[in-house]
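Taking it in order: structure first as structure tokens, then the write-up.
All values reported here derive from a predicted model rather than from experimental measurement. Just the heavy atoms: all of them, side chains too, but no hydrogens, waters or symmetry mates, feed the values below. Here is the naming used below: chain letters follow the sequence lines, and residue numbers restart at 1 for every chain.
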Protein chains: 2
Amino acid sequence: MDYLLEALTKQLISVFGSILSPVSYKKGAVVQEGNSLGDSLFIVQSGLLRSYYFQNGTDITAHFAVPFGIVGAVDSILKQQRSIYWIEALQCSEVLQLYYGQMEAFLEDNPEYERVARQVLQMLYLDLVERFEGLMFLNAQERYMHFCRRYPDLIQNASLGHIASYLGMTQETLSRVRRSK
Amino acid sequence: MDYLLEALTKQLISVFGSILSPVSYKKGAVVQEGNSLGDSLFIVQSGLLRSYYFQNGTDITAHFAVPFGIVGAVDSILKQQRSIYWIEALQCSEVLQLYYGQMEAFLEDNPEYERVARQVLQMLYLDLVERFEGLMFLNAQERYMHFCRRYPDLIQNASLGHIASYLGMTQETLSRVRRSK
DNA sequence: ATGATTTTTTGATGTAGATCAAAGGGAATG
DNA sequence: CATTCCCTTTGATCTACATCAAAAAATCAT
């Protein structure tokens with residue numbers, strides 16, 4: 001499943017190469033402000049990014065993006081609204097920025113590449129199904145173990161609080177889960 | 001949001017009209033067996049369908065489909081595996097069957113319609129985001145109230161157990177939620 | 001109808017994880 | 001080196017919901 005992601009991302013890069021701009025962010029940099037029209041997707045080449053939003057004042061991690069991953073204000077792009085998501089670099093990172101407007105225009109001219117865009121969306125969808133089922137059926141410990149298998153590199157680079165909110169539990173709970181195993 | 005769904009479905013019907021087959025199911029009929037290669041999507045014209053799967057022997061409703069809705073074994077279609085989903089008619093229903101293979105072939109020849117397919121997927125995605133956030137942030141009562149607003153017709157036609165599993169709670173809990181308000 | 005399933009309700013009890021509160025530990029700042 | 005700030009851990013308590021069990025109500029079949 002994960003090498004599938006890699007293959008898809010490479011395809012994405014080769015297809016949209018002409019409209020991708022490489023950008024670097026320092027650790028801690030804000031890549032995209034929330035409450036704005038998030039008009040870009042970011043394809044991660046190195047480093048680590050995180051998207052997050054605020055729910056009753058608390059910071060909730062929506063997504064982590066490691067190399068070959070993609071992050072963006074999907075809500076804004078799909079719904080044409082201001083985005084609730086913020087995006088930040090947790091580590092010094094290199095990304096390829098893909099302006100959504102440019103992508104749409106490009107696809108208008110080259111509909112044969114719509115398929116790639118659709119596949120990216122499919123991947124996002126399947127990813128979300130997995131997380132949904134995790135929330136439905138797995139307890140805190142199981143979700144964390146699953147996460148560790150899925151994002152082994154992330155354990156050292158993301159903070160406890162970020163991971164906890166991503167997994168839908170408090171940081172106290174995650175701390176206890178970690179100790180117990 | 002819901003008239004958007006309606007518009008999109010109508011577009012889907014007009015685009016893929018030539019490869020859609022109308023089918024009727026009686027109440028209780030199995031539309032698609034689980035553990036098979038789910039090769040179709042169903043566009044609901046009247047009635048009510050449900051997709052479900054088994055998690056440790058218990059029947060979990062994955063999705064309800066009302067008129068203008070779409071239901072199918074998405075996992076199988078996207079992953080090319082046998083599907084875990086069963087689909088049944090909860091009421092006497094009329095649907096338009098769309099064979100996925102035919103759709104792919106059609107899109108191969110008419111890539112300008114890929115966009116519609118992508119939009120359907122986007123809708124599924126946004127739907128799932130909403131359910132995910134419901135599970136994350138809302139309690140049983142809030143999820144049920146949300147559900148009632150979203151699917152007002154469904155309350156009388158789907159059983160307590162079906163709705164409860166869809167919402168990620170036990171039927172006992174849903175029963176108590178109902179009484180309390 | 002009458003009995004037999006199936007579905008829903010109600011009650012009693014148990015538990016995972018939230019919440020509240022405070023104490024340690026590290027890393028950065030002057 | 002001391003101080004501040006942030007992150008993580010630990011403990012005590014509380015609560016929403018699951019689980020188990022059984023009664024009540026509704027639906028179905030003979």
Side-chain angles (χ1 to χ4, degrees), chain A residues 26-30 48 50 52 54-61 64 86 88-92 131-148 151 154-181, chain B residues 26-30 48 50 52 54-61 64 86 88-92 131-148 151 154-181:
Chain A
K26 275 186 279 192
K27 179 172 179 171
V30 173
L48 173 62
R50 162 180 101 102
Y52 61 102
F54 293 92
Q55 175 75 10
N56 308 331
T58 53
D59 166 335
I60 307 287
T61 299
F64 290 108
W86 296 68
E88 69 175 3
L90 293 181
Q91 296 292 322
C92 172
R131 279 183 75 190
F132 181 80
E133 294 188 340
L135 261 192
M136 279 280 255
F137 303 120
L138 304 181
N139 65 25
Q141 160 141 280
E142 290 165 335
R143 293 207 296 283
Y144 179 64
M145 279 163 44
H146 199 261
F147 178 83
C148 290
Y151 293 106
L154 235 149
I155 318 290
Q156 21 277 6
N157 294 121
S159 82
L160 183 91
H162 292 161
I163 297 173
S165 71
Y166 177 80
L167 293 174
M169 63 188 77
T170 61
Q171 40 186 21
E172 291 94 330
T173 294
L174 181 52
S175 173
R176 283 182 253 259
V177 163
R178 274 187 169 169
R179 186 185 32 154
S180 80
K181 189 63 196 60
Chain B
K26 277 186 280 192
K27 179 172 177 171
V30 172
L48 173 62
R50 162 181 100 102
Y52 61 101
F54 293 91
Q55 177 73 11
N56 306 332
T58 53
D59 165 335
I60 307 288
T61 299
F64 290 108
W86 295 68
E88 69 175 2
L90 294 180
Q91 297 291 321
C92 172
R131 281 183 75 191
F132 181 80
E133 294 188 341
L135 262 192
M136 279 281 256
F137 303 120
L138 305 181
N139 65 25
Q141 160 142 278
E142 290 165 335
R143 294 206 298 282
Y144 180 64
M145 280 164 43
H146 199 262
F147 178 83
C148 291
Y151 294 105
L154 234 149
I155 320 290
Q156 21 278 6
N157 294 120
S159 82
L160 183 91
H162 293 161
I163 297 173
S165 70
Y166 176 81
L167 292 174
M169 65 188 76
T170 61
Q171 40 185 22
E172 290 95 328
T173 293
L174 181 52
S175 173
R176 283 182 252 258
V177 162
R178 275 187 169 169
R179 184 183 37 152
S180 81
K181 190 64 195 65

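Rounded to whole angstrom, the span from the CG atom of Leu135(A) across to the P atom of dA18(D) amounts to 14 Å. As rounded to whole Å, 11 Å separates atom P of dA18(D) from atom CG of Asn139(B).
Residues satisfying the side chain to side chain donor-acceptor pair (under 3.5 Å) criterion with Thr173(A), sequence neighbours excluded, are Thr170(A). Not counting sequence neighbours, the partners of Arg131(A) by the side-chain contact (heavy atoms from CB on, under 4.5 Å) test are Tyr166(A), Phe132(B). With sequence neighbours excluded, the residues forming a side chain to side chain donor-acceptor pair (under 3.5 Å) with Tyr144(A) are Arg178(A), listed by chain and number. Checked against side-chain contact (heavy atoms from CB on, under 4.5 Å), Gln171(B) has the following partners two or more places apart in sequence or in another chain: Leu160(B), Ala164(B). Taking Phe137(A) as the reference, Glu133(A), Tyr53(B), Gln55(B), Ile60(B) meet the side-chain contact (heavy atoms from CB on, under 4.5 Å) condition, with sequence neighbours excluded. Applying the side chain to side chain donor-acceptor pair (under 3.5 Å) rule to Asp59(B) yields the partners Arg50(B); only residues at least two apart in sequence or on another chain are considered. A search for side chain to side chain donor-acceptor pair (under 3.5 Å) contacts involving Ser165(B) returns Thr61(B), not counting sequence neighbours.
Here the CG atom belonging to Leu48(A) is positioned 10.0 Å from the NZ atom belonging to Lys27(A), to the nearest 0.5 angstrom.
For the pair Leu154(A) and Ile163(A), the tightest heavy-atom approach, listed with the atom from each and the gap, is O-CD1, 4.4 Å. Here the closest heavy-atom approach between residue Lys26(A) and residue Ala89(A) is recorded as O-CB, 3.6 Å.
Near DNA chain C, meaning a heavy atom under 4.0 Å from it, residues 154-167 of chain B has Ser159(B), Leu160(B), Gly161(B) in order of number.
With axes fitted over five pairs at each extremity, the angle between the ends of the helix from dA1(C)-dT30(D) to dA23(C)-dT8(D) is 40° (10° resolution).
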* Sugar-phosphate means primed atoms, P, OP1 and OP2; the rest is base. With that split, encode nucleotides 19-30 of chain D 5' to 3' as B, S or - using protein heavy atoms under 4.0 Å. => BB----------
* Asked: Given Arg143(B) and Leu135(B), is the side chain to side chain contact (heavy atoms under 4.5 Å, CB included) satisfied, shown in steps?
  -> CA-CA 8 Å; Arg143(B) 294 206 298 282; Leu135(B) 262 192; 4.0 Å; yes
* To do: Any chance you could lay out the side chain to side chain contact (heavy atoms under 4.5 Å, CB included) test for Asn157(A) and Leu90(A), step after step, and finish with the verdict?
  => CA-CA 7 Å; Asn157(A) 294 121; Leu90(A) 293 181; over 6 Å; no
* Would His162(B) and Phe64(B) count as a side chain to side chain contact (heavy atoms under 4.5 Å, CB included) if you check the C-alpha gap in whole Å, the side-chain angles of each, and the deciding distance to 0.1 Å? -> CA-CA 9 Å; His162(B) 293 161; Phe64(B) 290 108; 4.0 Å; yes
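On the nucleic acid side, DNA chain C has its first and last nucleotide under 4.0 Å of a heavy atom of chain B at dT8(C) to dA12(C), going 5' to 3'.
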